[in-house]
Engineer: 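This is the structure, below, for whatever I ask next.
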Amino acid sequence: MRLKQRLLAIYQNLYTSYGPQGWWPTTPPGKTTPVYRPGATSRRLNQRERWEIMVGALLTQNTTWHNAELCLEALSASGSLDLRELHDLPLEQLSGLIRPARYFNQKAQRLHDLAGYVLEAYGGSIAALTGRPPAELRPELLALKGIGQETADSILLYAAQYPFFVIDAFTRRICHRLGLAAVSASYGELQDLFARALPADADLFNEYHALFVRHAVEHCRPKPQCDSCCLRKSCRYGVETVD
DNA sequence: ATCCTGGAGT
DNA sequence: ACTCCTGGAT
C-alpha cells in the first residue's frame with residue numbers, strides 16, 4: 001500500500017521533470033507527442049512498426065539506442081528492414097549493415113533467425129505473433145536465441161502492447177539506489193515489484209520504463225549526479241552518498 | 001566467470 | 001586513454 005503510492009509518486013516526479021519520452025508509438029512529424037493519461041489507450045501499431053520495434057529491441061542489447069538507430073537507418077536505406085528482405089539478406093551483408101550495434105555477427109544471425117521464426121511459425125504475419133495470448137507468447141520468445149527476459153518483455157510491451165514491465169540495468173540501478181530492491185534481486189522479483197504495485201496498463205509501463213532510461217542516462221548514472229536529481233529528496237543515495 | 005566488440009562522450 | 005551503453009549465451 002505504501003509501495004504503490006511511492007512508485008506512483010516516482011512516476012509523477014519523473015514525468016513532471018522529463019515529460020513524455022515518445023518511444024512507441026512514435027509521433028508523426030509535425031504532431032506533438034501525446035501525453036500519457038491513466039486509462040487512455042495509445043493507438044494501435046501497424047505490422048511494420050511492430051517488426052521494427054522487435055528489430056530495434058535486439059539491436060540495442062548492451063548498446064546505445066543511438067547506435068541501434070544507425071543500424072535501423074542503414075537497414076532501411078538499403079531496403080532490408082522488411083521482414084522478408086531481412087531474412088533473404090546474406091548474413092555477411094546483414095552484419096555489415098548493423099556494424100554499429102557492436103556484436104554484429106551474433107545479432108545478424110539472431111535477426112535472421114527471428115525473421116525465419118516469424119515466417120515459419122506465423123507465415124510472416126507480425127499481427128499473428130503479437131496477437132497471441134501473452135502468457136503463451138513470452139515463453140515462445142524466450143525460446144529463441146538472442147531473446148532473454150528483458151528483450152522478450154520489451155517486445156511484449158512495446159511491439160505487442162501488453163502490460164509487461166521491462167527490467168533493465170538502469171531500472172536495477174535506480175531501484176537499488178532508491179532503496180526499493182537489493183542488488184541481488186532477480187529479474188522476476190523486480191518485475192513483480194512493479195506488477196503488484198501498479199495497474200496493469202501497457203501505456204503506463206511504456207512511459208515509466210522510458211522515463212527510467214532517461215533518468216538513468218541523465219542523472220542516475222554510474223557516477224550519479226545527485227545535486228540536480230528530481231528524486232533526490234526520496235533517495236538515500238543523494239543524502240548519504242552511500243554505495 | 002568470459003565472449004561478443006562500435007560509437008560517442010569525457 | 002579511458003567510460004558507458006535500453007544483454008544474452010556458454
Side-chain angles (χ1 to χ4, degrees), chain A residues 11 14 18 20-26 49-50 52-75 77 91-114 117 138-177 181 183-191 194 202-225 227-228 243:
Chain A
Y11 174 81
L14 292 171
Y18 300 113
Q21 298 306 294
W23 278 25
W24 296 290
T26 53
E49 290 173 307
R50 294 185 198 273
E52 289 182 15
I53 291 168
M54 294 172 68
V55 174
L58 265 160
L59 287 172
T60 197
Q61 288 170 358
N62 205 30
T63 304
T64 57
W65 177 247
H66 170 73
N67 277 23
E69 228 174 4
L70 292 178
C71 299
L72 288 172
E73 288 166 6
L75 288 169
L91 280 179
E92 192 172 300
Q93 293 184 36
L94 181 54
S95 62
L97 288 170
I98 63 171
R99 184 163 288 264
R102 299 191 71 192
Y103 316 111
F104 42 84
N105 288 320
Q106 286 186 353
K107 288 178 178 177
Q109 181 69 59
R110 291 169 180 182
L111 283 174
H112 175 84
D113 291 350
L114 177 60
Y117 177 74
R138 191 172 193 270
E140 258 184 60
L141 293 171
L142 287 174
L144 299 174
K145 300 296 181 185
I147 297 186
Q149 296 193 84
E150 181 184 338
T151 306
D153 288 333
S154 292
I155 291 172
L156 287 163
L157 177 61
Y158 289 101
Q161 299 178 291
Y162 290 127
F164 285 77
F165 204 95
V166 176
I167 306 300
D168 63 356
F170 292 154
T171 306
R172 290 178 175 284
R173 191 163 74 209
I174 293 171
C175 286
H176 173 238
R177 288 175 177 172
V183 273
S184 58
S186 69
Y187 187 98
E189 286 170 346
L190 262 298
Q191 193 172 47
F194 291 94
D203 290 328
L204 173 62
F205 288 7
N206 176 324
E207 194 65 49
Y208 208 144
H209 177 66
L211 286 166
F212 267 158
V213 171
R214 174 76 178 273
H215 183 60
V217 167
E218 291 194 2
H219 291 97
C220 206
R221 304 171 63 83
K223 278 194 165 191
Q225 318 276 314
D227 43 339
S228 54
D243 220 27

Engineer: Report which part of the nucleic acid A/I167 touches: base, sugar-phosphate, or nothing (heavy-atom distance under 4.0 Å, all strands).
Structural biologist: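 No contact at all - A/I167 keeps every heavy atom at 4.0 Å or more from the nucleic acid.
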Engineer: Would you mind reading off the distance between A/E218 atom CD and C/dC5 atom P, rounded to a whole angstrom?
Structural biologist: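 Distance check: A/E218 CD to C/dC5 P gives 14 Å.
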Engineer: Closest nucleotide of DNA chain B for A/R221 versus for A/Y103: which of these residues is on the 5' side?
Structural biologist: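 Whichever sits nearer the 5' end wins; that is A/Y103.
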Engineer: Under a 3.5 Å cutoff, is there a donor and acceptor pairing between the side chains of A/S95 and A/K107?
Structural biologist: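 There is no such pair between these side chains.
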Engineer: Is the side chain of A/R221 donor-acceptor paired with the backbone N or O of A/V217 at a distance under 3.5 Å, no angle test?
Structural biologist: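 Checked: pair present.
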Engineer: Report the distance from atom CD of A/Q149 to atom P of C/dA9, rounded to the nearest whole Å.
Structural biologist: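 The answer, rounded to whole Å, is 10 Å.
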Engineer: Calculate the interatomic distance between A/I53 atom CD1 and C/dT6 atom P; express it in whole Å.
Structural biologist: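 Value for this atom pair: 17 Å.
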Engineer: Given C/dT6, B/dT5, C/dC5, which nucleotide is nearest the side-chain atoms of A/N105?
Structural biologist: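 Taking heavy atoms from C-beta onward, the closest nucleotide is B/dT5.
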Engineer: Nearest to the side chain of A/V213, heavy atoms from C-beta on, is which of C/dC5, C/dG8, C/dT6?
Structural biologist: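 That would be C/dT6.
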Engineer: OP1 or OP2 of C/dG8 less than 4.0 angstrom from a side-chain nitrogen or oxygen of A/R102, does that happen here?
Structural biologist: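 No, because none of the side-chain N or O atoms of A/R102 sits under 4.0 Å from OP1 or OP2 of C/dG8.
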Engineer: Using the P atom as the reference point in each nucleotide, state the distance between C/dT6 and B/dC4 in Å, no decimals.
Structural biologist: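 Nearest-Å result for C/dT6 against B/dC4 at atom P: 22 Å.
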Engineer: Look at all strands and tell whether A/F212 reaches a base, only sugar-phosphate, or nothing, counting heavy atoms closer than 4.0 Å.
Structural biologist: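 Answer is nothing: A/F212 stays at 4.0 Å or more from every strand.
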Engineer: Output the single nucleotide from C/dC4, C/dG7, C/dT6 whose closest atom is nearest the side chain of A/W65.
Structural biologist: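 For A/W65, the side-chain atoms sit closest to C/dT6.
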Engineer: Ignoring hydrogens and angles, state whether a donor on the side chain of A/H219 or A/Y18 is under 3.5 Å from an acceptor on the partner side chain.
Structural biologist: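 Indeed, the side chains of A/H219 and A/Y18 share at least one donor-acceptor pair under 3.5 Å.
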Engineer: Which nucleotide in the set C/dG8, B/dG6, C/dC5 lies at the smallest distance from any side-chain heavy atom of A/P100?
Structural biologist: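 Of C/dG8, B/dG6, C/dC5, B/dG6 is nearest to the side chain of A/P100.
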Engineer: Need one value for A/I147: base, sugar-phosphate or nothing, where a base atom within 4.0 Å counts as base even if backbone is also close, heavy atoms only.
Structural biologist: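 Contact class for A/I147: sugar-phosphate only.
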Engineer: Is the charged tip of A/R99 near the ring of A/F104: under 6.0 Å from the six-membered ring centre and within 45° of its axis?
Structural biologist: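 Flagged: A/R99 positioned over aromatic ring of A/F104.
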Engineer: Counting heavy atoms from C-beta on, name the nucleotide in B/dA8, C/dC4, C/dT6 closest to the side chain of A/P222.
Structural biologist: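 Of all the options, the side chain of A/P222 is nearest to C/dC4.
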Engineer: When the distance from CG of A/L156 to P of C/dT6 is rounded to whole Å, what number comes out?
Structural biologist: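 Computing the A/L156:CG to C/dT6:P distance gives 21 Å.
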Engineer: Measure from the side chain of A/F104, starting at C-beta and using heavy atoms only, and say which of C/dT6, C/dC5, B/dG6 lies closest.
Structural biologist: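 Within the option list, the nearest is B/dG6.
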Engineer: Could you go through the side-chain contact (heavy atoms from CB on, under 4.5 Å) check for A/I155 and A/L58 one step at a time?
Structural biologist: CA-CA 9 Å; A/I155 291 172; A/L58 265 160; 5.9 Å; no
Engineer: Mind checking if A/V166 touches a base, just sugar-phosphate, or nothing, with heavy atoms under 4.0 Å?
Structural biologist: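 Nothing: the residue A/V166, judged by heavy atoms under 4.0 Å, touches no strand.
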Engineer: Could you check, using the six-membered ring where one of them is a Trp, whether A/F194 and A/Y208 have ring centers closer than 6.0 angstrom?
Structural biologist: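 Judged by ring-centre distance (under 6.0 Å), A/F194 and A/Y208 do meet the cut-off.
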Engineer: In whole angstrom, give the distance that lies between atom CZ of A/R172 and atom P of C/dG7.
Structural biologist: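 Checked: the CZ to P distance equals 11 Å.
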Engineer: Choose from C/dT10, B/dG6, C/dG7 the nucleotide whose nearest atom is closest to any side-chain atom of A/K145.
Structural biologist: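 From the listed options, C/dT10 comes nearest.
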Engineer: Please report the distance, rounded to the nearest Å, between CG in A/L114 and P in C/dG7.
Structural biologist: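 Distance, rounded to whole Å: 17 Å.
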Engineer: Side-chain N or O of A/H66 versus OP1/OP2 of B/dA8: is the shortest distance under 4.0 Å?
Structural biologist: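 The answer is yes; a side-chain N or O of A/H66 sits under 4.0 Å from OP1 or OP2.
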Engineer: Pairing donors with acceptors under 3.5 angstrom, does anything connect the side chains of A/N206 and A/Q21?
Structural biologist: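 No.
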Engineer: Both A/K223 and A/K107 contact DNA chain C. Which one's nearest nucleotide lies toward the 5' end?
Structural biologist: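 Looking at DNA chain C, the more 5' nearest nucleotide goes with A/K223.
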Engineer: Without hydrogens or angle criteria, can the side chains of A/D113 and A/Q109 be said to hold a donor-acceptor pair below 3.5 Å?
Structural biologist: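 A pair is found: one side chain offers a donor N or O, the other an acceptor, under 3.5 Å apart.
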Engineer: Rounding to an integer number of Å, can you tell me how far A/E150 CD sits from C/dG7 P?
Structural biologist: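 Atom-to-atom, A/E150 to C/dG7, this comes out as 5 Å.
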Engineer: Under 5.5 Å between ring centres and under 30° between planes: true for A/W23 and the base of C/dT6?
Structural biologist: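 It does: the ring sits over the base of C/dT6.
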Engineer: Ignoring the backbone of A/R99, work out which of B/dC4, B/dG6, C/dC4 is nearest its side chain.
Structural biologist: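 Comparing B/dC4, B/dG6, C/dC4 against the side chain of A/R99, the answer is B/dG6.
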Engineer: OP1 or OP2 of C/dG8 sitting under 4.0 Å from any side-chain N/O of A/T151?
Structural biologist: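 Yes, A/T151 has a side-chain N/O under 4.0 Å of OP1/OP2 on C/dG8.
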Engineer: For the side chain of A/E73 and the backbone of A/L70, is there at least one donor-acceptor N/O pair under 3.5 Å apart?
Structural biologist: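 No, the answer is negative, given that no donor and acceptor are paired below the 3.5 Å cut-off.
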Engineer: For DNA chain C, what residues of residues 67-74 of chain A have any heavy atom nearer than 4.0 Å?
Structural biologist: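 By residue number: none to list.
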Engineer: For the pair made of CD in A/Q106 and P in C/dG7, what is the distance, rounded to whole Å?
Structural biologist: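 Taking atom P of C/dG7 as the reference, CD of A/Q106 is at 14 Å.
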